[in-house]
J.: 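The structure's right below; bear with me while I get my questions together.
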Amino acid sequence: MTSLPAKTEKKLGLVIDLDTCVGCQACVTNCKQWNTGGHMAPLTDLNAYAAEADGVWFNRVHTYEVTGSTACGASPARNSSSRTMHFPRSCLHCEKPDCVTVCPTGASYKRESDGIVLVNEDKCIGCKLCSWACPYGAREFDVFEGVMKKCTLCVDRIYNENLAEEDRVPACVLTCPTSARHFGDLGDPNSNVSKLVAARGGVDLMPEMGYAPTNKYLPPRARKDTAPAAMPAPELAPAPGGFLGWVDKLLSR
Amino acid sequence: MHPAFSVIFFTTASGAGYGLLTVAGVLAVLGLLPQNVWFALACSFTALALITAGLLSSTFHLGHPERAWRAFSQWRTSWLSREGVLALITYIPALGFAVAWAFPQTHVPLAALGALVAVFSMLTVFTTAMIYRSLKPIHAWHNKWVVPCYIVLSLMTGSVILLALSAGLGVTVKFLAAACGVLLAAGLTVKWLYWSFIDETAGPATPASATGLAATGPDVQVRSVEWPHTEANYVMKEMGFAIARKHAGRLRNIAIWLGFLVPAVLIETTILLPQLFSGLLAVPAAMVMAAGVVVERWLFFAEAKHAVTLYYGAQKA
């Protein structure tokens, strides 16, 4: 049923740190690797090794130039007005996802237990309306399978008892080499992710759209302007005595 | 937004069919509908053929057309589902109206069915418009002009086709040519207001809000320097369709002339001419209008910008 649950028991989601993301695409790659064999499998690729390659991906990393804000690290004192920011974009598992309510068949749904937004591929008619309703571009149509696909928050990993407990996190989180991605219950104010959001001033994407995203992004931290403008080389220490002093005298002649 | 031909054909053809039924229904209520079996059958057949062809066409762009029946299930939340349900229900008064109109000897109440078919037809067109009106990420659709445009253009195309059928069959429908003129003027007005609105306004999101950084400072600027992929993906092909400004301007002019002005001149000329010639003008008027409305509907999709393009370098959407 495409009616949204009034309240979900948990709000599972991701917290993505834009300060530490280096844009290495490891999360993109591991997402594709896991999910092409997982709940929404396969993530079809078309012309994968030719011109106009196309395919379904749940996670894509953009790169932006950010200017004009001290909060984001621009620093007039150091004559630098911009910084590069890598930005992973995936489903935000919104609390008010229009992608679910517009679905005419009930294929799209938001789980009452944990808030994950999923697609039942057997009910999807491939009308694409849900992808039109998502401002974040999180849903990608599989032209080969004729159904809509999207991030599952690795629902087939996080509850998977065949995996070691430390591996029961989304593939993108598990693989991130800079720990820029965090997974947890954002509905619990005492969870690690909620504390992180509170400490770092986590933000919503496009809050004006009114989708109330569950995933939060941590903006780049302000740069510290403590380094002096010029740093002269230190004076050489006076020559020591003894053997080294004798060598110093000899060479100084 | 990518202008899919199946959806353009669906919204224009079924819109005209529902408009035709509505205008005929209202004329029946007013007692102005001529009792002529061939005219009745031609109008009902044309309307139902346009509606049915449109509905079938709309299933062609589905990934799984064989599952289309599932789309009737989610009417509680989905405007697309509501449209499907109403489109199906409307067949009942439409068929009843056709029988009542063509075969008065059956004593089916014509005025009551005319009222019913008009109400359900307009509700169906309203739900079609609401599919677009409800999509927040698309500013060109999520605004107050979309519903009036769909309703007025449905009535306008329906009345012009009804006039063409009446002229072609040599049947006179009182006030219909004048009503067509009024509806063509109304159609051009709402479309003009719609175009002015989308030209002068933009959606609320910006590249800075799309990346969440708008919350960190008022002067943040975000510029796309590298895309995640080297080739266009589904999101860019479907939501990132871009039409050159030059072409949009020319196509709007084509839509204005073919869709509204030329049919209006042709139809109002028929008022001055003897009955014999009116068919020679009303039929081409309907054909020219059909071409113009298809251009108008193509622009409705092609000019609509989606908020996701903000992630790919658009400064506003």
Side-chain angles (χ1 to χ4, degrees), chain A residues 1-3 18 28 51-57 60-72 84-85 87 89 98 101-107 123-129 131-137 140-143 145-148 201 203-210 217 219, chain B residues 1 59 61-68 70-81 83-84 131 134-138 204-205 207-235 237-239 306-308 310-312:
Chain A
M1 188 54 65
T2 50
S3 301
L18 299 176
V28 177
E52 297 178 9
D54 197 355
V56 181
W57 299 73
R60 296 184 184 260
V61 180
H62 294 253
T63 304
Y64 297 103
E65 177 195 64
V66 183
T67 52
S69 167
T70 48
C72 288
T84 301
M85 179 180 80
F87 179 87
R89 179 173 59 80
D98 279 9
T101 52
V102 300
C103 176
T105 68
K123 281 188 179 176
C124 178
I125 57 173
C127 72
K128 304 179 185 170
L129 189 59
S131 66
W132 295 3
C134 173
Y136 308 105
E140 299 202 0
F141 186 66
D142 184 333
V143 290
E145 301 269 319
V147 295
M148 193 58 73
V203 293
D204 286 348
L205 307 186
M206 287 195 236
E208 61 276 7
M209 289 283 168
Y217 283 72
Chain B
M1 299 298 293
T59 64
H61 90 291
L62 298 180
H64 280 279
E66 80 283 2
R67 298 178 187 164
R70 289 187 182 275
F72 299 117
S73 65
Q74 302 302 312
W75 47 270
R76 285 181 191 83
T77 64
S78 168
W79 284 104
L80 179 53
S81 188
E83 181 202 45
I131 294 171
S134 64
L135 294 173
K136 294 180 202 129
I138 306 160
S209 79
T211 49
L213 299 191
T216 64
D219 58 341
V220 174
Q221 299 284 319
V222 175
R223 187 172 70 88
S224 173
V225 290
E226 197 170 40
W227 288 354
H229 35 82
T230 54
E231 307 282 340
N233 63 352
Y234 165 74
V235 168
K237 289 174 190 168
E238 182 76 6
M239 264 75 80
H306 194 284
V308 77
L310 296 169
Y311 290 109
Y312 285 96

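A, B, ... follow the sequence lines: proteins, then strands. Residue 1 opens every chain.
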J.: Out of B:Arg223, B:Met1, B:Glu226, B:Lys136, which one racks up the most heavy-atom pairs below 4.5 Å with chain A?
T.: B:Arg223
J.: Which one of B:Leu310, B:Ile131, B:Thr211, B:Leu80 has the most heavy-atom pairs closer than 4.5 Å to chain A?
T.: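 Most pairs with chain A among the choices: B:Thr211.
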J.: Kindly say whether the aromatic ring centers of B:Tyr312 and B:His229 come within a distance under 6.0 Å.
T.: yes
J.: For the residue pair B:Ser209 / A:Glu208, report whether a side-chain donor-acceptor contact shorter than 3.5 Å exists.
T.: yes
J.: Can you tell which part of A:Asp98 gets under 4.5 Å to a heavy atom of chain B, answering side chain, backbone, both or neither?
T.: side chain
J.: Report the distance from atom OG1 of A:Thr63 to atom CH2 of B:Trp227, rounding to the nearest 0.5 Å.
T.: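 Answer rounded to 0.5 Å: 13.0 Å.
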J.: If you apply the rule side-chain contact (heavy atoms from CB on, under 4.5 Å), what do you find for A:Asp54 with B:Glu231, and how did you get there?
T.: CA-CA 7 Å; A:Asp54 197 355; B:Glu231 307 282 340; over 6 Å; no
J.: Examine whether an atom of B:His306 lies under 4.5 Å from a heavy atom of chain A, and if so say whether it belongs to the side chain, the backbone or both; otherwise answer neither.
T.: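 It is the side chain, since no backbone atom gets that close.
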J.: Below 4.5 Å, heavy-atom pairs only: which of A:Thr84, A:Val143, A:Val102, A:Val56 has the largest tally toward chain B?
T.: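 Winner by heavy-atom pair count: A:Val102.
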J.: Hey, what do you get for CE (A:Met148) to OG (A:Ser131), rounding to the nearest 0.5 Å?
T.: 3.5 Å
J.: With a 4.5 angstrom heavy-atom cut-off, could you sort out which part of A:Phe87 is near chain B: side chain, backbone, both or neither?
T.: side chain
J.: I'd like to know which of B:Leu62, B:Val235, B:Ile138 tops the heavy-atom pair count under 4.5 Å against chain A.
T.: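 Winner by heavy-atom pair count: B:Leu62.
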J.: Is it the backbone or the side chain of B:Ala210 that comes under 4.5 Å from a heavy atom of chain A, or both, or neither?
T.: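 Both parts, backbone and side chain.
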J.: Going by the rule ring-ring contact (aromatic ring centres under 6.0 Å, His included), which residues pair with A:Tyr136 if we only count those two or more places apart in sequence or in a different chain?
T.: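 Per chain and number, A:Tyr136 pairs via ring-ring contact (aromatic ring centres under 6.0 Å, His included) with no residue.
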J.: With a 4.5 angstrom heavy-atom cut-off, is it the side chain or the backbone of A:Cys127 that approaches chain B, or both, or neither?
T.: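 Contact with chain B: backbone and side chain both.
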J.: Does any backbone or side-chain atom of B:Leu135 lie under 4.5 Å from a heavy atom of chain A? Answer side chain, backbone, both or neither.
T.: side chain
J.: With a 4.5 Å cut-off on heavy-atom pairs, point out which of A:Pro207, A:Cys124, A:Gly201, A:Gly210 contacts chain B the most.
T.: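 Winner by heavy-atom pair count: A:Cys124.
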J.: With rounding to the nearest 0.5 Å, note down the distance linking OH in B:Tyr311 to CG in A:Leu205.
T.: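 With rounding to 0.5 Å, OH (B:Tyr311) is 4.5 Å from CG (A:Leu205).
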J.: Under 4.5 Å, counting heavy-atom pairs only, tell me which of B:Ala232, B:Ala307, B:Ala71, B:Pro204 racks up the most with chain A.
T.: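 Going by pairs under 4.5 Å, I would pick B:Ala71.
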J.: Name the member of B:Lys237, B:Glu66, B:Arg67 that forms the most heavy-atom pairs with chain A at distances under 4.5 Å.
T.: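 Most heavy-atom pairs under 4.5 Å with chain A: B:Arg67.
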J.: Checking B:Glu238 against chain A: side chain, backbone, both or neither under 4.5 Å from a heavy atom?
T.: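 For B:Glu238, the side chain is the part near chain A, not the backbone.
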J.: Once you round to the nearest 0.5 Å, how far does CZ of A:Arg60 lie from CG of B:Asn233?
T.: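 The CG atom of B:Asn233 is 4.0 Å from CZ of A:Arg60, to the nearest 0.5 Å.
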J.: Rounded at 0.5 Å granularity, tell me how far OG1 in A:Thr101 sits from CD in B:Gln74.
T.: 10.5 Å
J.: For B:Ala214, is it the side chain, the backbone, both or neither that has a heavy atom under 4.5 Å from a heavy atom of chain A?
T.: neither
J.: Roughly how far apart are B:His61 NE2 and A:Ile125 CD1, rounded to 0.5 Å?
T.: 8.0 Å
J.: Relative to chain A, which segment of B:Val308 carries a heavy atom at a distance below 4.5 Å: side chain, backbone, both, or neither?
T.: both
